[in-house]
Amino acid sequence: MASYFYISFMPLLLCVLFVIRASESGHSKVLTNVSCIGVEREALAKFKQGLTDPSRCLWSWTGEDCCKWQGVTCNEKTSHVSKLDLRNPYDGLEKCSLGGKIHIALNKLKHLKYLDLSFNNFSTQKIPKSLASLNKLEYLNLSHGGFYGDIPHQLSNLSKLQYLDLSSKWRVQSLKIENPQWLSRFSNLKYLDLSGTYGLDTKERLSPINMLSSLELLILSGCGLEDVPASLHVNFTSLKFLDLSYNSMNSSIPPWFQNFSNLEHLDLSNNDLQGIFPIAILENSSWLRFFDVSRNKLEGEFLKNLSIFCNLQVLSLCYNKFSGRISDIKDNACICGQSNLKIIDVSNNNFSGNLPSQFGNFKDLEFLDLSWNSISGPIPTSVGQLLSLRTLQLSSNKLSGNIPESIGQLSNLETMDIHGNQLDGVVNELHFASLTSLTMLYFSWNELVMNLSTSWVPPFQIQVVFMSSCKVGPKFPNWLRTQRTISTLDLSNASILDEVPYWLSGILFDIEELNLSGNMLKGNISHIIEKKMPSLTYVSLSGSNLTGSIPNSLCMSDFLFFLDLSKNQLSGSLPRCHIPNSLCHLKGLGALSLHENGLNGVIPKCLLRLDLEILDLSDNQFTSGIPLFGQPSQSFRMINLEKNYFIGDIPLQLCHLANLQLLSLAHNNISRGIPHCFNNFSQMWANSNFTPYGGFMLGDSIMAMIKGRNLEFTKTLLYLFSIDLSCNTLDGQIPKELTRLAQLQNLNLSQNKLIGKIPSDIGQLKYLESLDLSNNMLSGEIPPSISNLKFFSCLDLSFNNLSGPVPSGKHLSTVVDQSVFRGNDGLCGAPLLKVCSGDEHNNMDSHNSSEDESNEGDFVINWFYSRLGSGFAVALMGFCGILHINQSWRTTHFWIVDKIIEKLSNGRIIIMFWFMKAFEF
Ligand SMILES: *[C@@H]1O[C@H](CO)[C@@H](O)[C@H](O)[C@H]1NC(C)=O
Ligand SMILES: *[C@@H]1O[C@H](CO)[C@@H](O)[C@H](O)[C@H]1NC(C)=O
Ligand SMILES: *[C@@H]1O[C@H](CO)[C@@H](O)[C@H](O)[C@H]1NC(C)=O
Ligand SMILES: *[C@@H]1O[C@H](CO)[C@@H](O)[C@H](O)[C@H]1NC(C)=O
Ligand SMILES: *[C@@H]1O[C@H](CO)[C@@H](O)[C@H](O)[C@H]1NC(C)=O
Ligand SMILES: *[C@@H]1O[C@H](CO)[C@@H](O)[C@H](O)[C@H]1NC(C)=O
Ligand SMILES: *[C@@H]1O[C@H](CO)[C@@H](O)[C@H](O)[C@H]1NC(C)=O
């Protein structure tokens, strides 16, 4: 609705604005009797002709008096055009974006002092050299104008220029600076913003800029700057504002930064700066108000001398390696009397110690983020004195004790995030007494006990509630019944043992993420999901003892990508969604997990066209044939139909799913052969563009699981690349095409009726960790290439008709136990007791040479499993106990993972930290 309004009414609104503006200026100009000079009017008219103006924003440019035209201002005395402001008021939106050519006639505006063409789309041209003849210009703003190519050095003719803005932060690196010297000639320049330009490195840029002794503001953000000169005689000491963020500077911060004694704003964030941060910069800059060095690799004990923060309003140190005990603040806390700080963000560092008991001096503090440090001890009662506070982030520290009731006085508080600490004690109504502005509440993963009376009506309308693993129950929290704006509700594992309240579905209209898993919610699922939930993306209701059938209204949640209803007592058939309100249209659905229910019926045809990423229908009672996956689909990553009663053969259409990584059809009644076309799963090929961070290919689903800490579901991701067809009645041979799937980590074909030989180049599956071919009727020799498989932790070839010598050498001989081969009477050689005739063929010599030939890539690819393995795989390892787990490569991974982290791009690192911290690896 909102966007519809925007699109259809904005042009109108725009015009209304223009009319108002135009008539205002027109009015004033009639009074002062200004009229346009003919030459300049013609020049403007020609200029307009060169432009494209699809939104007709220059509609007022008609008539004789050009001084009345929109954006044109004339000098009251001389009538000359002095100002041309054609900035697109809709910051970069297509609407009102001018384009086309800048006509040379613009030169005729000899008295122009101010030219603003920012936020337009002159994408077909360079900055015209002719602008250089407008030598009265004091202000030139071409930022986000869409210009490209070299910046003409002739611009340096504009000797009166005070403001020069050529930035383009969004279309990065479209303007190039070739020759630096022209920059030095702007002797009156105060304001220089060259963000997003490229071509020169730090040294070459800084030497001409260093000549500009009147410069007060310098922004070189996103310029790809790398080297910082180690020494520089700083000349532009009048600088007040310096922004070098989003570059690639990876040195330490050089000492000459200390010479900017007038600095008020310093932004070095999002670089790769290293080493100890020189505190003297802060000590020497008594005017500093804004200080941001976030997202670097800086170190140092920052909190030693707190007086350096006295004048600061914004302090951002997040994502660095700063350390020090926060408790040391205590003695110094009052050193500046009243602090001016509005924003403190020191999250993701190594700060330790307790929170200071004095918060009273921070009367202006609006944003406090201390999350992801190692801060311990209690939350002090004085936190209630932070009366301006809107955001309080203390998550993922080691805070303990109970939450002081004084926190309930923070009437401006919007976000309270204390998740992932060791807080305990009872939370009652006093904790929320005056929190009228609260919209986001993160209490998850503490030992908190919620004790809110059933008649309590909260003073807030909340959007986000995270109380996972807090003791919320045994009753369903009744205070939620008055809430109307909830978008995220996570009450998973919250000890609720209650009927689903009748009002629940009524408060979930705007819900996006819903996680009530791990509770005992008696009642019908339709009390939760009843009506259309248009914004729903993520639902986990697993293990909640719900009854009823899957509600049809889910068909209308167009953005759903994760649906986990496993381990309930659901019954009936899957919803038959009819086009257009169809499950088939849930394009984004990434995970569907319905196992351990009592669902029955056939899988509706419609489901077959689902654009799922993950389909998990395991542990149910479906009795039909395997669904035909009619359309080639790029989205499927995982299909799990385990433990049902599916019959028939494996449909060839399955092979259309080129991105499939995990396929399990185990424990069904599937018969006939394994299709040869499984080699179509190109995501599993050796040369697939698979990156080591495989987990993230599952993208949003993984993120959702992390957010919801959906450990149950994550277990199914034990392997990233897996085919499990065990416990069926498959016959025929193992297709040799399977060996093309070089990324495969798990292949389980056990308990079928497979015949023939094991494919001779099975050794091409070089990342295989588990291979189970037991209980078939395979014959022939074990191919020697099997000994190339160096990540093995589980191998079972028992109960077949295999014969000949057991291959020896390399990894196999170190890990194999004879039970791997039992039930194959024809096999001989170590580790079996039966000696082969002609035993001298066994070559044990390669044993020690091969230990470390595995390259880093091998380790990289398996990091995910090794990490997961330590947490989840233990139980599963149990049934493959036939083999000794090869520990050596696993342990190696633990140190190699650190190296990998350094290789990852920034975004990925964050996700990975998220992941590792979330699962406490
Ligand atoms: C402006 O003033 C001049 C003389 O002062 C007069 O001749 C002319 O008509 C005026 N113009 C307008 C548009 O009022
Ligand atoms: C700018 O204009 C060009 C055509 O001249 C168009 O292709 C492009 O999409 C436009 N870009 C923006 C951001 O409006
Ligand atoms: C720049 O200024 C010089 C001397 O003032 C002049 O000769 C030259 O034409 C100007 N260049 C441009 C492009 O206007
Ligand atoms: C130039 O224009 C942009 C966008 O209109 C604006 O954000 C910026 O502050 C302007 N630069 C100057 C120096 O006024
Ligand atoms: C400092 O600036 C002045 C003029 O602004 C210039 O003459 C001098 O060369 C500059 N010094 C350095 C080291 O760049
Ligand atoms: C900084 O980056 C450059 C280029 O990527 C690299 O050669 C240099 O080793 C890096 N320096 C440090 C200290 O990491
Ligand atoms: C699950 O629900 C059923 C029927 O509502 C009930 O009989 C049973 O006691 C519940 N199980 C648990 C553990 O609460």
Verdict with supporting geometry, Ile723 and Leu744, side-chain contact (heavy atoms from CB on, under 4.5 Å) | CA-CA 8 Å; Ile723 293 180; Leu744 212 54; 4.0 Å; yes
Can you list the residues that meet the side chain to side chain donor-acceptor pair (under 3.5 Å) rule with Gln733, with sequence neighbours excluded?
-> none
Value for OG (Ser760) from NZ (Lys736), rounded to nearest 0.5 Å, stands at 9.0 Å
Got a second to check how far Leu778's CG is from Asn801's CG, nearest 0.5 Å?
-> 8.5 Å
Check: Leu725 and Leu747 side chains under 4.5 Å, non-hydrogen atoms | no
OG1 of Thr729 to CD1 of Ile670, rounded to nearest 0.5 Å, is 8.5 Å
Sequence neighbours left out, what passes side chain to side chain donor-acceptor pair (under 3.5 Å) with Asn746? Give chain and number order.
-> Ser722, Ser770
Results of side chain to side chain donor-acceptor pair (under 3.5 Å) for Gln751 - residues two or more places apart only | none
Sorted by chain and number, sequence neighbours left out, disulfide (SG to SG under 2.5 Å) with Cys828 holds for Cys836
Take Leu738 and Asn679, measure what side-chain contact (heavy atoms from CB on, under 4.5 Å) needs, and give me the verdict at the end.
-> CA-CA 6 Å; Leu738 272 183; Asn679 61 357; over 6 Å; no
Ignoring hydrogens and geometry, is there a side-chain-to-backbone donor-acceptor pair from Ser469 to Trp445 under 3.5 Å?
-> yes
Validation row: Glu781, Pro805 side chains within 4.5 angstrom (heavy atoms) = yes
Do Glu513 side-chain atoms and Tyr538 backbone N/O form a donor-acceptor pair below 3.5 Å?
-> no
Within a strict 4.5 Å, meaning less than it, do heavy atoms of the Leu741 and Phe721 side chains meet?
-> no
Minimum side-chain heavy-atom gap Leu730-Ile650 below 4.5 Å | yes
Heavy-atom closest pair, residues Gly548 and Ile525 = C-CG2, 4.4 Å
Flag, side chain of Asn775 to backbone of Ser750, donor-acceptor distance under 3.5 Å | no
Would you confirm whether Asn776, through its side chain, and Leu749, through its main-chain N or O, come within 3.5 Å as a donor-acceptor pair?
-> yes
Hits for side chain to side chain donor-acceptor pair (under 3.5 Å) against Ser774, two or more places apart or cross-chain, chain-then-number order -> Asp772
Is there side-chain contact between Trp685 and Gln743, with heavy atoms separated by less than 4.5 Å?
-> no
Closest non-hydrogen atoms of Asn680 and Cys655, given as atom of the first, atom of the second and distance, are CB-O, 3.3 Å
Between Ser492 and Ser517: side-chain donor-acceptor atoms closer than 3.5 Å | no
Which heavy atom in Val806 sits nearest to a heavy atom in Gly829, and how many Å separate them?
-> CG2-O, 4.2 Å
Enter the distance from Asn524:CG to Thr547:OG1 here, rounded to the nearest 0.5 Å.
-> 4.5 Å
Polar side-chain atom of Lys834 near backbone of Asp825 as donor-acceptor pair, under 3.5 Å = yes
For the atom pair CD (Gln764) and CD1 (Ile762), what is the distance rounded to the nearest 0.5 Å?
-> 10.0 Å
Taking the side chain as every heavy atom from C-beta outward, state whether Leu771 and Asp796 have any atom pair closer than 4.5 Å.
-> no
Expected output: side-chain Asn752 to main-chain Asn728 donor-acceptor under 3.5 Å = yes
By ring pair (Phe, Tyr, Trp, His ring centres under 6.0 Å), Phe678 pairs with (sequence neighbours left out) Phe681
Shortest non-hydrogen pair, Pro807 vs Pro783, comes out as CG-O, 3.8 Å
Derivation of the side-chain contact (heavy atoms from CB on, under 4.5 Å) call for Phe821 and Leu802 = CA-CA 9 Å; Phe821 305 108; Leu802 299 168; over 6 Å; no
Under a 4.5 Å cut-off applied to non-hydrogen side-chain atoms, are Leu546 and Leu516 in contact?
-> no
How long is the gap from CG on Asn800 to OG on Ser779, to the nearest 0.5 Å?
-> 8.5 Å
Can you check whether Leu541's main-chain N or O pairs, donor with acceptor, with Asn515's side chain at less than 3.5 Å?
-> no
Shortest non-hydrogen contact from Met777 toward Lys753 | CE-O, 3.7 Å
Do the non-hydrogen side-chain atoms of Asp731 and Ile755 ever get within less than 4.5 Å of each other?
-> no
